[in-house]
Amino acid sequence: MSEKLKVGILGGTGMVGQRFISLLENHPWFEVTTIAASPRSAGQRYEDAVGGRWKMDTPMPQSVKDIIVKNVNEVEEVAKEVDFVFSAVDMSKDEIKAIEEAYAKTETPVVSNNSAHRWTPDVPMVVPEINPQHMEVIEFQKKRLGTTRGFVAVKPNCSIQSYAPVLTAWKEFEPYEVVVTTYQAISGAGKTFKDWPEMEHNIIPFISGEEEKSEKEPLRIWGEIKDGVIVPADDVKITSQCIRVPVLNGHTAAVFVKFKKQPTKQQLIDAINNFSGVPQELKLPSAPKQFIRYMEEDNRPQVSLDVDYENGMGISVGRIREDSIYDWKFVGLSHNTVRGAAGGAVLCAELLKAQGYITAK
């Protein structure tokens, strides 16, 4: 009998669901035992339900091929099989909010990749190295839901991963004004070049909803719990542009920053290279040994060379230099479907297990 926690994947046939399944293969703490998807996939073997739509570079794990896909809407039926679930369902925001809370009310913790609950005041939105203390708001959420172990926790948008951790590492220098342009991979839209050929040799200067997320979500991560809700920080102003570029995986950010306290370049580099958090202290299974690294070469970081740094869970930074209008500027790179999506959620679940919020039923 396995002592691993039994995990369900909601929306397991989509790209992020596939990434969850790929990342959880041979995980030391978690085992995928249940996969749920839309009614049209329900009743089929997972391998048959996915068909030719497997989008990962690595083969589909043998352990999931014969799992019979359940109907994600049959909440009680799915929940009774698992200790907790990862959510990657593809529905409207209102539908996602409703179904994630429905699972939570069956006393099943939900760790979500979706954006629907990111602004629910008592739902923690966490990058484990930055704001692990926000998980404490779960106790207030459970009172609202009327649960003892069920809750919803989320990870933030993929677009902020390549710069928000860097600004956090520089907190002592008090950044207060930030201009960021993100150059975002097509996998962020759940696509490959095979199913989005018009993206080849192309740039699209619009991604629906991304700019608001890029400007607001870091403030919530840097916020505080007050009276049972998370109150966003208000001491940093961020403005952004988000551009879709012909890259499969990897979001790059070009960032300009003003500081209240003037750091030297070496102080900025040292703060990045020395930055670590609770996942590193606890040696969580998915935690990168070095969360952020600085690269001295003028032409780094590059997607093709650096996106898989620390198995896609680390952030690469380069080109820190003084600016003629702002104080400093830099380039950051993160893996949008690993650190920015499923991998970030897996790390959140590991943190929740370590903190005692996720246990066997």
Side-chain angles (χ1 to χ4, degrees), residues 23 57 126-132 155-173 175 178 180-185 187-188 214 218 221-222 245 247-257 259 263-323 327-348 350-351:
L23 289 173
D57 294 332
V126 172
V127 176
E129 286 88 351
I130 296 177
N131 59 326
K155 51 145 287 297
N157 198 46
C158 54
S159 65
I160 74 168
Q161 310 285 338
S162 48
Y163 60 92
V166 182
L167 297 173
T168 306
W170 293 342
K171 194 175 178 182
E172 65 184 294
F173 309 119
V178 179
V180 58
T181 301
T182 55
Y183 303 88
Q184 300 188 202
S187 58
S214 299
I221 289 170
W222 297 325
V245 294
V247 164
L248 179 59
N249 293 312
H251 286 358
T252 300
V255 188
F256 300 78
V257 191
F259 295 98
T264 65
K265 180 176 178 177
Q266 194 57 50
Q267 284 177 312
L268 293 173
I269 292 171
D270 290 345
I272 286 172
N273 288 332
N274 296 329
F275 184 73
S276 68
V278 170
Q280 285 72 37
E281 291 167 25
L282 297 177
K283 295 183 169 59
L284 298 179
S286 299
K289 287 186 174 63
Q290 184 170 348
F291 180 30
I292 317 174
R293 64 164 173 180
Y294 184 69
M295 310 191 75
E296 297 282 356
E297 301 92 330
D298 287 338
N299 63 348
R300 303 284 286 277
Q302 291 181 29
V303 168
S304 60
L305 299 175
D306 303 311
V307 74
D308 292 319
Y309 169 61
E310 291 278 16
N311 299 312
M313 291 296 288
I315 312 298
S316 298
V317 177
R319 304 207 69 209
I320 292 178
R321 57 217 192 278
E322 288 190 75
D323 186 63
D327 295 325
W328 294 90
K329 52 192 171 188
F330 71 93
V331 174
L333 170 67
S334 60
H335 196 306
N336 55 295
T337 66
V338 182
R339 167 58 75 163
V346 170
L347 189 60
C348 282
E350 293 169 358
L351 175 65

Assess whether side chain to side chain contact (heavy atoms under 4.5 Å, CB included) is satisfied between Met313 and His335, documenting all intermediate values.
CA-CA 7 Å; Met313 291 296 288; His335 196 306; over 6 Å; no
Would you find a donor on one side and an acceptor on the other, under 3.5 Å apart, between the side chain of Gln280 and the backbone of Gly277?
yes
Crowding at CG, Asn274 (>12 non-hydrogen neighbours, <6.0 Å):
yes
If only atom types and distance count, is the side chain of Ser187 paired as donor or acceptor with the main-chain N or O of Leu248 below 3.5 Å?
yes
CG-CD distance between Leu351 and Glu129, expressed to the nearest 0.5 angstrom
9.0 Å
Relative to each other, are the rings of Trp170 and Phe259 parallel, tilted or perpendicular (30° and 60° limits)?
perpendicular
Under a plain distance cut-off of 3.5 Å, with no hydrogens placed, do Glu310 and Gln290 share a side-chain donor-acceptor pair?
no
Heavy atoms of other groups near Asn299 CG, more than 12 under 6.0 Å:
yes
What residues form a salt bridge (Lys or Arg N to Asp or Glu O under 4.0 Å) with Asp270, not counting sequence neighbours?
none
What's the spacing between Asn336 CG and Gln161 CD if we round to 0.5 Å?
9.5 Å
Just wondering, are more than 12 heavy atoms of other shown residues or ligands nearer than 6.0 Å to CG in Asp323?
yes
Using a distance-only test with no angle check, is there a side-chain donor-acceptor pair under 3.5 angstrom linking Gln266 and Thr264?
no
Chi angles and distances behind the side chain to side chain contact (heavy atoms under 4.5 Å, CB included) call for Val338, Asn311:
CA-CA 8 Å; Val338 182; Asn311 299 312; over 6 Å; no
Indicate yes or no for a side-chain donor-acceptor contact from Tyr163 to the backbone of Thr182 under 3.5 Å, with no hydrogens or angles considered.
no
Per side-chain contact (heavy atoms from CB on, under 4.5 Å), Val180 is matched among Leu167, Val255, Ile160 by Val255
